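Below is one structure, written out as structure tokens; comments come after it.
Remember, predicted model here, so these are calculated numbers, not experimental data. Residue numbers count from 1 along this sequence.
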Amino acid sequence: MLGPIFSFELLTASRRTRYFVVRGLYGAILAAALFLVWMSVFHGRSWSGQQSNAIALSARFMAGFFQTFSVMQLLAAVVLGPAVAAGTIAGERERRTIEYLFTANLGNAEIVLSKLAARFLQIMLILLAGLPILAVAMLQGGIAPEALLAVYVVTFSTVVCVATLSIAVSVWSARARDAVIRAYLVILVLLIVPMIVAAFTLSGTLSFSWLDVLMDYAIDPLLASNPFWKLSDIISGTSGTAISTGWSAVEVLVRNQMIFALVCAVYATLAVRRVHVRQMGRAKANHKWLILPRLRPSLGNKPMLWKELFAGEASSRLGAIGRIAICLLAASVLIPLGWQFIETLDNSSTGRNAQGILHPVSQYLIMTAMLGSAVSCGIFILIGARAACSITSEKERDCWQSLISTPLTGMEIVQAKILGSIYALRYLFGVLFIMWSMVVILSPGFVFIVPVLLFTLLVISIAMASLGTLFSLRMKSSLWAMAATLGISFFVGGGYLFCCMPVMIAGGGRGGEEIMLAPLIPFLMAAPVVFYAEGVSHGAGGALAANVFGVIGYTVTAIVLYASAIGSFDLFSGRSENTTSSAHLWQEHSTGAGKSPFVNSDSRDASGDITMDDVLDMIQATRDRQPSQFPHPHEQHSGLTEDASPK
């Protein structure tokens, strides 16, 4: 079953530097987590106390690190799975090499399962980099060996499930970047939507008979297969005397994930050839099913912007799978908020009552702040991912040379790519506008907060799109550009707190730590709503200042990244100054806006357009102005020039 493809995948992966870099980064992050947990437990405590106190602190330190390690390992499995496995089949199709696999003496199962096994081993090798760090920490004691075994069994099962799902999505995707984005969306739906529905159902916000049936037959099995939802039961159940309870949760989780992985693997194996043949022979969709005609303005004088905003390819990047995932995510947010909106419609007061309890409208505002912040972060991630593929996709389709050969300037191309990446997520922006509109109906004063939220949303969107476009311009691969964009975005948007935690712990709460929240994107999107709901008290001055500085910082960042993408376009696209000036000159000829020093005005035709004689004159004039610095090939071969040739 595992033939030459499996050996080839392992051999090529072992020679790629990216996997060594990712493995080193993962180990460094776990080492930093070990240090942070140690700082949080032992900071300010003396080692000269009683021995029993020292043993208790060591056990507490190990338990805290093990919980952190378990969450980070599962998060790494979910993040690395689509990035490593989703581009397998789609990458072969994009490189036009999948036909060679089909014509070889290879079956569907050998192609799919070999790639799946190779990618699974690559992910596990990355995750096993944390095992030595955990082994060093276990010298402190405080955790049962059964807990370690249970966590690795759950990690093993989660990697198999995520990798198989990514392979199945890759079978239906034409390009690797589309497969990665779709796989992430499907995983988000499977992990986030059941948790949101369960949270609103258990809290009593939603109470319907059909929802109880949905919980029993759909939501509960998905929650039982969610490693993050069951992690607390697994860790607490595998320590002490409750080992059976923890292992029962592990058994249910592994069983459900293996069934799901088996279905995805069988489906991908049976469909890999059929889907490829269907995609190669399928004509373009005619969109006759649309009730209303698609509104498209005329081409005008900005063809690149029109192409990015209104061309068919610009609206079909996510495909049917991505659209269904986005609709499910939007429904899981809007339906609970809409139901809560109906129940809160009779109240109009905000703030807290005499007992310090938030009024219903303020509670609705806090809920909107949390969900709106989550939706905004998802929008920024998708904008960055799409922008990171905007220029590299042109290179991978062999369209880049044709694009830079046109008279379009670098500003026109970069601006169109940035605006197109933001415009593609317009439907998710609509979800935010619906949420804010419901808040305005409940509390009309919120209308003054909406411009602040819109400005913050626009600034961060431009910053993310500019960052992705800049990396897409500098790199050759869409996956590498996407990885660099999302990695920097995660770190700057909130991951930096992981490194700043020792400073906050060592500060001892002396004040001023709120300024570290300034670059935190979820904080910037939620803070104005929370300030409006609860008011700005005396102790919230630091958070308010962090919000203001954060918005200003992202505004400056957006301007700098936008200018950098435009300024470095000619350098990284291969254009020279002479090429750009020649393009402008050609544009002037084609529009008749100016006269050329190369073209005789008397040689134009009756319509004023350039004729073939004009083109020949331009070529000859260019040769005369820029003589070759090298001898003619025949002269170079003979070693003689015209002056040195014998008379």
Side-chain angles (χ1 to χ4, degrees), residues 1-2 6 23 26 30 66-86 88 112-131 134 143-170 183-184 186-195 198 218-239 242-269:
M1 192 66 69
L2 301 180
F6 177 74
R23 196 177 301 128
Y26 179 64
L30 289 180
F66 184 74
Q67 293 176 359
T68 305
F69 172 83
S70 302
V71 174
M72 294 183 64
Q73 183 165 261
L74 290 175
L75 185 62
V78 172
V79 172
L80 292 175
V84 175
T88 52
V112 174
L113 298 182
S114 296
K115 287 183 172 293
L116 175 61
R119 301 297 173 150
F120 168 77
L121 289 179
Q122 294 171 16
I123 299 172
M124 288 305 299
L125 286 176
I126 295 175
L127 297 180
L128 288 176
L131 187 59
L134 184 62
I143 194 68
E146 292 85 356
L148 177 62
L149 178 61
V151 168
Y152 267 95
V153 169
V154 172
T155 303
F156 177 88
S157 176
T158 303
V159 171
V160 172
C161 185
V162 171
T164 311
L165 174 63
S166 301
I167 291 287
V169 174
S170 182
Y184 278 124
V186 173
I187 291 174
L188 282 177
V189 168
L190 295 177
L191 293 179
I192 302 299
V193 172
M195 297 174 65
I219 303 300
D220 287 341
L222 290 176
L223 291 176
S225 307
N226 192 334
F228 298 99
W229 184 267
K230 291 294 182 180
L231 185 60
S232 60
D233 297 336
I234 293 171
I235 293 179
S236 61
T238 52
S239 59
I243 296 178
S244 60
T245 304
W247 280 111
S248 63
V250 173
E251 291 174 359
V252 173
L253 186 143
V254 172
R255 181 197 63 194
N256 294 347
Q257 288 186 345
M258 289 299 102
I259 294 174
F260 181 78
L262 180 62
V263 172
C264 291
V266 172
Y267 181 75
T269 302

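Within the 4.5 Å cutoff, no side-chain heavy atoms of Tyr267 are placed close to those of Val112. Inter-residue side-chain proximity for Val252 and Arg255 is flagged as met; some heavy-atom pair is nearer than 4.5 Å. Residues Pro227 and Leu253 are in side-chain contact: their nearest non-hydrogen atoms beyond the backbone lie under 4.5 Å apart. The shortest distance between side-chain heavy atoms of Val78 and Tyr184 does not fall below 4.5 Å. For the pair Ile187 and Pro82, the minimum side-chain heavy-atom distance is below 4.5 Å.
Smallest separation of non-hydrogen atoms from Val84 and Gln122: CG1-OE1, 3.5 Å. Phe69 and Gly130 get closest at one heavy-atom pair: CE1-O, 3.8 Å. When all heavy atoms of Trp229 and Met195 are compared, the closest pair comes out as CE3-CG, 3.7 Å. Of all the heavy atoms in Arg23 and Ala129, the pair that sits closest is CG-CB, 3.4 Å. Smallest separation of non-hydrogen atoms from Gln73 and Thr155: NE2-OG1, 3.0 Å. Pairing each heavy atom of Ala168 with each of Ala268, the nearest pair is CA-CB, 4.0 Å.
To the nearest 0.5 Å, atoms OH (Tyr26) and CG (Leu125) are separated by 12.5 Å. We find the CZ-CG distance between Phe260 and Leu190 to be 5.5 Å, quoted to the nearest 0.5 Å. Taken to the nearest 0.5 Å, the CG atom of Leu121 stands 11.5 Å off from the CD1 atom of Ile126. The distance from the CG atom of Leu75 to the CG atom of Leu80 is 9.0 Å, given to the nearest 0.5 Å. Rounding to the nearest 0.5 Å gives a distance of 12.0 Å between CD1 of Ile259 and SG of Cys264. Residue Lys115 holds its NZ atom at 14.0 Å from OG of Ser166, rounded to the nearest 0.5 Å.
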| message | Let's go through Leu222 and Asn226 carefully: what are the C-alpha distance in whole Å and the side-chain angles of both, what is the deciding distance for side-chain contact (heavy atoms from CB on, under 4.5 Å) to 0.1 Å, and is it a yes or a no? | response | CA-CA 6 Å; Leu222 290 176; Asn226 192 334; over 6 Å; no
Do any side-chain atoms of residues 157-165 form donor-acceptor pairs under 3.5 angstrom with protein atoms, and if so which ones, sequence neighbours left out?
unit_1: Ser157; atom_1: OG; unit_2: Gln257; atom_2: OE1; d: 2.5
unit_1: Thr158; atom_1: OG1; unit_2: Val154; atom_2: O; d: 2.7
unit_1: Thr164; atom_1: OG1; unit_2: Val160; atom_2: O; d: 2.6

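Qualifying ring-ring contact (aromatic ring centres under 6.0 Å, His included) partners for Phe120, counting only residues two or more places apart in sequence or in other chains: Phe156.
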